[in-house]
There are 2 protein chains.
Amino acid sequence: MAKENYTIRDIAELANVSRGTVDRVIHNRGKVSETAVKKVKEVLEKINYEPNLIARSLKAHKNNVVAIIIPDYSEDNYWRQCVYGIRRAEKEFRQFGISLQYYEYQKTREAYEQKFSDVIVDEPDAVLIVPIYYSGSLSLFRQLEEREIPYSLINTPIEDLNYQTFIGQDYRKSGRVAAQLMETLVDKEKKVVVVHVEQDFENSTHLHEKEEGFKEYFRQKNSTQQIEALTFKNAKDLSSLHQELPNIAGIFMTTSQTYEIADYLPQDSDIKVIGYDLIPKNVEYLRLGKINILIHQNPKQQGYDGVSYLSEHLLYKKEMPKVKLLPLDVVVSENVDCYL
Amino acid sequence: MAKENYTIRDIAELANVSRGTVDRVIHNRGKVSETAVKKVKEVLEKINYEPNLIARSLKAHKNNVVAIIIPDYSEDNYWRQCVYGIRRAEKEFRQFGISLQYYEYQKTREAYEQKFSDVIVDEPDAVLIVPIYYSGSLSLFRQLEEREIPYSLINTPIEDLNYQTFIGQDYRKSGRVAAQLMETLVDKEKKVVVVHVEQDFENSTHLHEKEEGFKEYFRQKNSTQQIEALTFKNAKDLSSLHQELPNIAGIFMTTSQTYEIADYLPQDSDIKVIGYDLIPKNVEYLRLGKINILIHQNPKQQGYDGVSYLSEHLLYKKEMPKVKLLPLDVVVSENVDCYL
DNA sequence: AAACAAATTGTTCTCGTGCACAAAACGATT
DNA sequence: AATCGTTTTGTGCACGAGAACAATTTGTTT
């Protein structure tokens, strides 16, 4: 196989046909005689033709619109990081005729569904969505499918949908990682607790997965470690933990409100805390030693990948993986700088 | 600011001049009358012109050659991973007229310097180099500089060179991370040892840095932890550690031969091992629990970034950072899959 | 075999930039 | 005012793919 980069012209010459015919064969459109098809295909098999994407996209410029449905990020550092990644991809793909349309929703189910409906009315060419509310919006997803609008989910998985790609983490594995790290931090005399802070816990399968992974790890190790799971609708309710604290060796927070729990611990507490996400408050507490370990969910990468995949799909019909799992980065105070 | 993507043509119309004049002003080449310059610049300030890189690179195609000087990777898993990253970038930039030329060297100083000389004779447009040998090759770097051939270093830093970019890790911080993790794994009764396996230890500043970072962490914490550093020219010599083992709580291996030390530990040993790199043998031992933690040096990313930076520099004269530090990924058995 | 329709093949233009070259404008000199 | 040289400005082409359109060949019918 020669290294050279062949062009449509080269192929046409080699096959003794015109450029138009080669083009028709490659994209198997239009009528071409069998003999011509054969001639071209023979050449194509011999050489390794890779179309020049630059030339192609120079021509393309269909101006595709990708809708971004994301929680209001003005006050939320996690989603803001995600938007940074989205913006990076936006800048990169604008050249290729991709433009983004943002639909920010306040964190209520109504607002979410409203924005989602808006998107459907606007008929974008693709949709990237953070579906933090589960039930109810299924019919909206179905509408996207009927209209054949490709969509990807980031951060929060939902089963039984025909999305293009889910981008996020393996949450069960994430719980297991937390468990393994917790095991090294605490000794088994006291119990460890898994704490969820989420209004709609029932529908948050990813939090269930984290808890399950956490317990699974200890179970498979035949550990005698005592584990208790607690669910709070609101961070304020964490104060009720107060009297339990003396019996607790470690806390695994399954959401990014990890810093909230650290606030309820006494100054000289020896309780180990493992949680999620490099939001500023968490990072501060990690540096102070109030939080021991954070698992980084790579929101920036999630946003970037989400837009990239959809864009390349629209531009080149590139296939996308059904699931893209990002690494489970373990962050301690000494390496936190690398991830900021 | 309108969102529209302006073209040279648009600017020409708005400024009432020809495309050629706009082009001359933008690249400030050639003679243009002051009035014309003013007219064009006024328009340029009003709109936000961003040249279409696609059209630009469609035209470019100067076929730049980037030389890759890298240790023989047929038998070395670490460098092979690095080459994977290089290949990914190669594929991506081939379209843009970048081609790579590989110069693999056997791991002796003579072979290294020979290949380096070959590169200089071949006069590539840029050089990406893994300089595992330090002294002696400085004159070769100077020759690159004289010929104004841009070059970047990956993995191994060398001071006082006018390289474009060094891509690798912050080795001191890397040692600190290892120390912090070691602290959680061992109790202070026994000592921990830092083990280097390297023929040319004197010249390996990055290994010194790792050791120094490791010690620095404990020192700053006013820890009473006893630390000892040992240097071996060859992995076989590790057997001499045997009688010391009962006094050792943890071992910090500064190179990828971490699996070698694990082989010398008794089956039921409680000695904790922290080391580097996700080569298959290390990963196997991590899964088996013979190694506790690996720090991932991201060789694939290093290779990819190295080629990308140089390519974009050649193509668009894009500026490159002087130093690009990759994250210090902490890998345990439960999250190792994410990084493979 | 002429006439026509249908199938196939070939040509040309577009995308936006960058460069080479052609055209025009300007100024100076006779 | 005509000529020349110089400066400035305008135009055309190439890059490679893709699609519309034009041209050709093929097949069918009378």
Side-chain angles (χ1 to χ4, degrees), chain A residues 4-41 43-44 47-64 93-98 312 314-318, chain B residues 4-41 43-44 47-64 93-98 312 314-318:
Chain A
E4 208 189 322
N5 251 339
Y6 292 91
T7 72
I8 292 266
R9 233 192 197 86
D10 296 331
I11 297 172
E13 267 176 47
L14 288 169
N16 243 351
V17 293
S18 74
R19 286 179 288 136
T21 305
V22 175
D23 183 70
R24 278 181 284 264
V25 172
I26 287 173
H27 298 85
N28 54 298
R29 62 166 142 254
K31 318 290 172 115
V32 190
S33 69
E34 282 181 36
T35 50
V37 171
K38 219 167 94 183
K39 280 197 285 184
V40 173
K41 287 207 166 165
V43 175
L44 282 177
I47 66 170
N48 181 25
Y49 173 66
E50 282 178 35
N52 186 321
L53 299 181
I54 299 150
R56 178 181 286 177
S57 51
L58 175 61
K59 190 66 209 303
H61 259 247
K62 269 179 286 184
N63 224 312
N64 289 297
F93 284 97
R94 198 175 27 149
Q95 297 265 359
F96 295 77
I98 299 283
E312 295 192 351
L314 289 171
L315 291 170
Y316 317 121
K317 293 170 187 62
K318 198 169 169 180
Chain B
E4 208 189 327
N5 252 339
Y6 292 90
T7 71
I8 294 264
R9 238 194 192 85
D10 296 331
I11 299 172
E13 267 176 47
L14 288 167
N16 243 352
V17 293
S18 74
R19 287 181 294 130
T21 306
V22 175
D23 182 70
R24 280 181 282 266
V25 172
I26 288 173
H27 298 87
N28 55 298
R29 62 165 144 254
K31 317 285 169 125
V32 189
S33 70
E34 282 182 36
T35 49
V37 172
K38 218 167 95 182
K39 280 196 286 183
V40 173
K41 287 208 168 166
V43 176
L44 281 178
I47 67 169
N48 180 25
Y49 173 67
E50 283 178 35
N52 186 322
L53 298 182
I54 298 151
R56 178 180 288 177
S57 50
L58 175 61
K59 192 67 211 299
H61 261 247
K62 268 179 285 185
N63 223 310
N64 288 298
F93 284 97
R94 199 178 25 151
Q95 298 265 357
F96 294 78
I98 300 282
E312 294 191 353
L314 289 172
L315 290 171
Y316 316 122
K317 294 173 188 59
K318 198 168 169 181

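So you know, we letter chains A, B, ... as the sequences are listed, proteins then strands, and number each from 1. Below, each value reflects all heavy atoms present in this structure, side chains not excepted, and no hydrogens, waters or symmetry copies.
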*Between the base of D/dG10 and the side chain of B/R24, is there a donor-acceptor distance below 3.5 Å?*
yes
_Nearest heavy atoms of B/V25 and B/V37, plus distance in Å_ = CG2-CA, 4.2 Å
*Side-chain heavy atoms of A/Y6 within contact of A/L14, under 4.5 Å*: yes
*B/T7 side chain near C/dG16 phosphate (N/O to OP1/OP2, under 4.0 Å)*: no
*asked:* Nearest to the side chain of B/V17, heavy atoms from C-beta on, is which of C/dT17, D/dG10, D/dA19?
replied: D/dG10
*Output, in order, the C-alpha distance, side-chain angles, deciding distance and verdict of side-chain contact (heavy atoms from CB on, under 4.5 Å) for A/R9 and A/V22.*
CA-CA 8 Å; A/R9 233 192 197 86; A/V22 175; over 6 Å; no
*Looking only at side-chain atoms of B/T21, point me to the closest of D/dG16, C/dC19, D/dT9.*
D/dT9
*Is the shortest side-chain N/O distance from B/Y49 to OP1 or OP2 of C/dT17 below 4.0 Å?*
yes
*Starting at atom NZ of B/K31, determine the distance to atom P of C/dA23, rounded to an integer number of angstrom.*
22 Å
*Atom pair distance, as rounded to whole Å: CD1 in A/I26 and C1' in D/dA17*: 9 Å
_Could you check whether the side chain of A/K59 and the base of C/dT14 have a donor-acceptor pair of N or O atoms closer than 3.5 Å, going by distance alone?_
yes
*Which listed nucleotide (D/dG18, D/dG16, C/dC19) is nearest to the side chain of A/R29?*
D/dG18
*Find which nucleotide of DNA chain C each of A/V32 and A/R9 is nearest to by heavy atoms, and output the residue with the more 5' nucleotide.*
A/V32
*Can you check whether any acceptor in the base of D/dG12 is under 3.5 Å from a donor in the side chain of B/R19, or vice versa?*
yes
*Please state how far atom CG in B/N28 lies from atom P in C/dG18, giving the value in whole angstrom units.*
13 Å
*Using atom CD1 of B/I47 as one end and atom P of C/dG16 as the other, report the distance to the nearest whole Å.*
13 Å
*Could you state the CG-P distance from A/N16 to C/dT9, rounded to the nearest angstrom?*
12 Å
*Taking it one step at a time, do A/D23 and A/I26 satisfy side-chain contact (heavy atoms from CB on, under 4.5 Å)?*
CA-CA 5 Å; A/D23 183 70; A/I26 287 173; 5.7 Å; no
*Under 4.0 Å between a side-chain N or O of B/R56 and OP1 or OP2 of C/dG18?*
yes
*Nearest 0.5 Å please: distance from the OG1 atom of A/T21 over to the CZ atom of A/R19.*
10.5 Å
*Report yes if a side-chain nitrogen or oxygen of B/S18 is closer than 4.0 Å to either non-bridging phosphate oxygen (OP1 or OP2) of D/dG10; otherwise report no.*
yes
_How many whole angstroms separate atom CD1 of B/I54 from atom C1' of D/dA17?_
13 Å
*Which heavy atom of B/V32 sits nearest a heavy atom of B/A36, and at what distance?*
CG1-CB, 3.5 Å
*How is A/L58 classified with respect to the nucleic acid when contacts are heavy atoms under 4.0 Å: base, sugar-phosphate, or nothing?*
base
*Are any of A/S33's side-chain N or O atoms less than 4.0 Å away from OP1 or OP2 of C/dT9?*
yes
*asked:* Without decimals, in angstroms, what is the distance between B/D23 CG and D/dC13 C1'?
replied: 14 Å
*Of A/G20 and B/T35, whose closest DNA chain D nucleotide lies nearer the 5' terminus?*
B/T35
*Mind calculating the distance between CD1 (A/I8) and C1' (C/dG10) to the nearest angstrom?*
14 Å
